[in-house]
Amino acid sequence: MKAKRVKHRAKAKTAWPKKAPGLIAGAVEKCPDCSSTDIKNDPKRAERFCNGCGMVIEEKQIDTTQEWRAFDYEQKQKRDRTGSFLTYTRHDKGLSTSIGDQGFSDLYKLTPSKRASFYRLKRWHRQVSTATERNLRYALSELDRISSAIGLPKNIRETTALIYRKAVTKGLVRGRSMESVVAAALYAACRKHNVPRTLDEIAEASNVKKREVGRTYRFITRELGIKLLPTSPVDYISRFASELKLSPKVQEKAIEILNKANKKDLVSGRGPTGVAAAA
Amino acid sequence: MAKKAKPVSKKRKLIGKPKVRIENVVASASVDAEFDLDKIAATLPNAEYEPEQFPGLVLRLVDPKAAILVFSSGKMVCTGAKEPKIIKLAIEKTLKQIRTAGVKVRGPAKITIQNIVASSDLGVELNLDKISFSLENAEFEPEQFPGLVFRIAEPKVVFLLFRSGKIVCTGGKKPSDVDKGVARLIQELKKIKVV
DNA sequence: ATCTTACTTTAGAAAGC
DNA sequence: GCTTTAAAAAGTAAGAT
């Protein structure tokens, strides 16, 4: 059975949505790798693959770099709605190459024209990639779960994926639960995009103790050389206001108060959340 | 005994070097002997020993105020000392009590100070936001902790800086590390004009 | 199976929650 | 009371390799 592992194609079956539009359910057969019977057919690439682990069952060929790009795009569009395809972890997002990835993107590029090379590399590919890839797949399904739970824009998911991947590459997940690292990366991404999501919200959504999310956040942030400015209390205003049903006028005044407080240097040491609430 | 800094009004500029007070000294010690912790725990009233929870026996001394963790290997950890010299006194007293419990111990213990925690007051209000923006090794997460963490490599110590100007220095192995560290800290703060 | 982490315990200060 | 910083001791747990 010739089959190759397709990265980021699928993730834990439990996290898969009912169906992936555009992909037709395949015949009743088991995946040689994970035994899942959830085999899908990919009309675009003319191949069938396991929906559970991403293993390609039959390759009917014709894969070119260009088609890979097309594939990415098509799947990406679907992903946006289903939250299934992990295309944003691909090289096209610069998530691999910029961090010394094991070479997935290069391998993909070799696939179309150098079949022989591919097969020779396949063994190596599988042994060195499997662990990381599975970790990544699981981590991303976690990310999707949490993201949809607290409703986050995709740019934040992508940033989170990027941070997570860098963390994995640097071996920062060792000794820590993958969940806490995902939560920490997500928190960092929110901070980076100035999307106010408190540690508590993320901790709750990810089932990781607040203390652990915070610790992991500080750890990976330090190790990856990421230095984020404390969230401005102003960023919390709109959220708090809508939650409390405050008028725009009140919000404006709150922001005004915050600006004054800032000039007077009286907020350092105080959590932005509390400051915003006070205002 | 006064806590130290009386309500000195915060000045705008820092002048002179602030007094540093050592709050805690942690040291490891060891003797060539194997300790029967059950026996020690059974005879010393000031000992706590719950091997299921932690492999060390906890001995609390009131005289030299300190807490000593005693391990079956003959190694110990002494914490709570307000000054380095107290470590030796505490370890000596610990060995004395252990002998009282019927456990033989010969020779003096070799002691190594592992960490010194000190506090001080710069006497100036600190703008932690500005410091975190300006100093590379500063990490400030007000949502998680009100203090700013600042690490310096030489001497290798870590500071916790607070808005009030109060600071904590930890990680030093000897008193001079604290003094040099504080001097270095002030030097850095002056560079970015926050003191 | 081994190596790597981290957690457990101890003390102390700081200041916000 | 909790949170953060550092450090040692000797176990356990979990993860990666």
Side-chain angles (χ1 to χ4, degrees), chain A residues 127-128 130-132 134-135 168 171-178 180 199-200 209-212 214-216 218-219 267-275 277-278, chain B residues 3-5 20-30 35 37 48-61 65-83 86-87 90 111-122 126 128 139-151 155-173 177-178 181:
Chain A
Q127 62 182 44
V128 304
T130 287
T132 298
R134 284 187 178 175
N135 176 304
V168 171
L172 306 182
V173 182
R174 292 182 184 179
R176 258 166 281 270
S177 72
M178 183 250 279
S180 69
L199 258 190
D200 291 281
K209 301 292 183 184
K210 178 183 178 182
R211 170 200 180 193
E212 190 53 34
R215 282 188 180 185
T216 307
R218 290 193 302 274
F219 177 69
V267 292
S268 79
R270 241 89 73 165
T273 297
V275 175
Chain B
K3 254 292 184 176
K4 178 179 71 171
V20 171
R21 88 156 29 179
I22 291 178
E23 305 284 358
N24 181 26
V25 178
V26 180
S28 56
S30 74
F35 292 154
L37 303 184
E48 284 177 37
Y49 181 44
E50 284 180 31
E52 309 246 354
Q53 183 175 139
F54 188 68
L57 175 152
V58 182
L59 246 199
R60 290 164 204 284
L61 301 182
K65 190 190 176 190
I68 298 82
L69 301 182
V70 181
F71 299 84
S72 59
S73 63
K75 292 187 175 181
M76 300 163 272
V77 171
C78 180
T79 67
K82 287 296 185 184
E83 52 181 304
I86 289 180
I87 294 291
I111 301 172
T112 305
I113 292 180
Q114 303 286 175
N115 182 32
I116 293 178
V117 181
S119 65
S120 185
D121 186 349
L122 299 183
L126 299 175
L128 303 186
E139 97 183 15
F140 183 40
E141 293 296 334
E143 289 183 277
Q144 295 163 54
F145 186 68
L148 177 154
V149 181
F150 183 54
R151 298 158 199 279
K156 189 188 177 193
V157 296
V158 176
F159 286 98
L160 297 185
L161 310 183
F162 298 86
R163 189 174 49 134
S164 63
K166 298 279 189 61
I167 68 174
V168 170
C169 174
T170 185
K173 299 287 189 187
D177 285 344
V178 179

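All values below were derived from every heavy atom in this structure, side-chain atoms included, with hydrogens, water molecules and symmetry-related copies excluded. To find a chain, count down the sequence lines: A is the first, B the second, and so on, and within it residues start at 1. Please read all numbers here as calculations on a predicted model, not as lab measurements.
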Provide, to the nearest angstrom, the distance between the [atom1] atom belonging to [X] and the [atom2] atom belonging to [N].
X       : N       : atom1 : atom2 : answer
L37(B)  : dA9(D)  : CG    : C1'   : 11 Å
R218(A) : dT3(D)  : CZ    : P     : 11 Å
R21(B)  : dA13(C) : CZ    : P     : 9 Å
K75(B)  : dA9(D)  : NZ    : P     : 5 Å
L172(A) : dA6(C)  : CG    : C1'   : 15 Å
F35(B)  : dA10(D) : CZ    : P     : 12 Å
I22(B)  : dA7(D)  : CD1   : C1'   : 15 Å
R211(A) : dC7(C)  : CZ    : C1'   : 9 Å

What's the closest nucleotide to the side chain of [X] if the choices are [options]?
X       : options                  : answer
K82(B)  : dG12(C), dA14(C), dA7(D) : dG12(C)
E212(A) : dA10(D), dC7(C), dA11(C) : dC7(C)
Q114(B) : dA7(D), dG12(C), dT9(C)  : dA7(D)
P55(B)  : dA14(C), dT8(C), dG16(C) : dT8(C)
S164(B) : dT17(D), dA8(D), dA15(C) : dA15(C)
K173(B) : dT10(C), dC7(C), dA7(D)  : dA7(D)

Shortest non-hydrogen contact from A27(B) to I87(B)?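 Heavy atoms only, the tightest pair is CB-CG2, 3.7 Å.
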Please classify the nucleic acid contact of [X] as base, sugar-phosphate, or nothing, using heavy-atom distances under 4.0 Å.
X       : value
K65(B)  : sugar-phosphate
S73(B)  : sugar-phosphate
S30(B)  : nothing
K156(B) : sugar-phosphate
V158(B) : sugar-phosphate

Both L160(B) and S28(B) contact DNA chain D. Which one's nearest nucleotide lies toward the 5' end?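 Nearer the 5' end of the strand: L160(B).
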Under 4.0 Å between a side-chain N or O of [X] and OP1 or OP2 of [N]?
X       : N       : value
R174(A) : dT4(C)  : no
R60(B)  : dA11(C) : yes
R215(A) : dC7(C)  : yes
R176(A) : dT5(C)  : no

Pairwise side-chain contact, [X] with [Y], heavy-atom cut-off 4.5 Å (strictly under):
X       : Y       : result
N115(B) : T170(B) : yes
I68(B)  : L61(B)  : yes
L148(B) : L160(B) : no

Using atom P in both nucleotides, what's the gap between dC3(C) and dA7(D) to the nearest angstrom?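 Result for the P pair: 24 Å, nearest Å.
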Annotated structure of DNA chain D as dot-bracket, pair cut-off 3.5 Å, Watson-Crick or G-U only, | for inter-strand, is |||||..||||||||||
Is a side-chain N or O of K173(B) found less than 3.5 angstrom from the main chain of Q114(B), in a donor-acceptor match?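 Yes, because the side chain of K173(B) sits within donor-acceptor range (under 3.5 Å) of the backbone of Q114(B).
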When you measure from the side chain of N24(B) to the backbone N and O of V117(B), does any donor-acceptor pair fall under 3.5 Å?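 Pair absent, no side-chain N/O of N24(B) close to backbone of V117(B).
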Ignoring hydrogens and geometry beyond distance, is the side chain of T170(B) in donor-acceptor contact with the base of dA6(D) at under 3.5 Å?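 Yes, the side chain and the base share a sub-3.5 Å donor-acceptor pair.
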On the six-membered ring of F219(A), is R176(A) placed so that its NZ or CZ lies under 6.0 angstrom from the centre and within 45° of the ring axis?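 Because its charged atom sits under 6.0 Å from the ring centre and within 45° of the axis, R176(A) does stack over F219(A).
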Which residue lies toward the 5' end of DNA chain C, E23(B) or V77(B), if each is placed at its nearest nucleotide?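 By nearest-heavy-atom nucleotide position, the 5'-most residue is V77(B).
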Residues K82(B), E23(B); criterion salt bridge (charged side-chain N to carboxylate O under 4.0 Å, His left out); working and verdict: CA-CA 5 Å; K82(B) 287 296 185 184; E23(B) 305 284 358; 3.3 Å; yes
E50(B) atom CD: more than 12 heavy-atom contacts under 6.0 Å: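 No.
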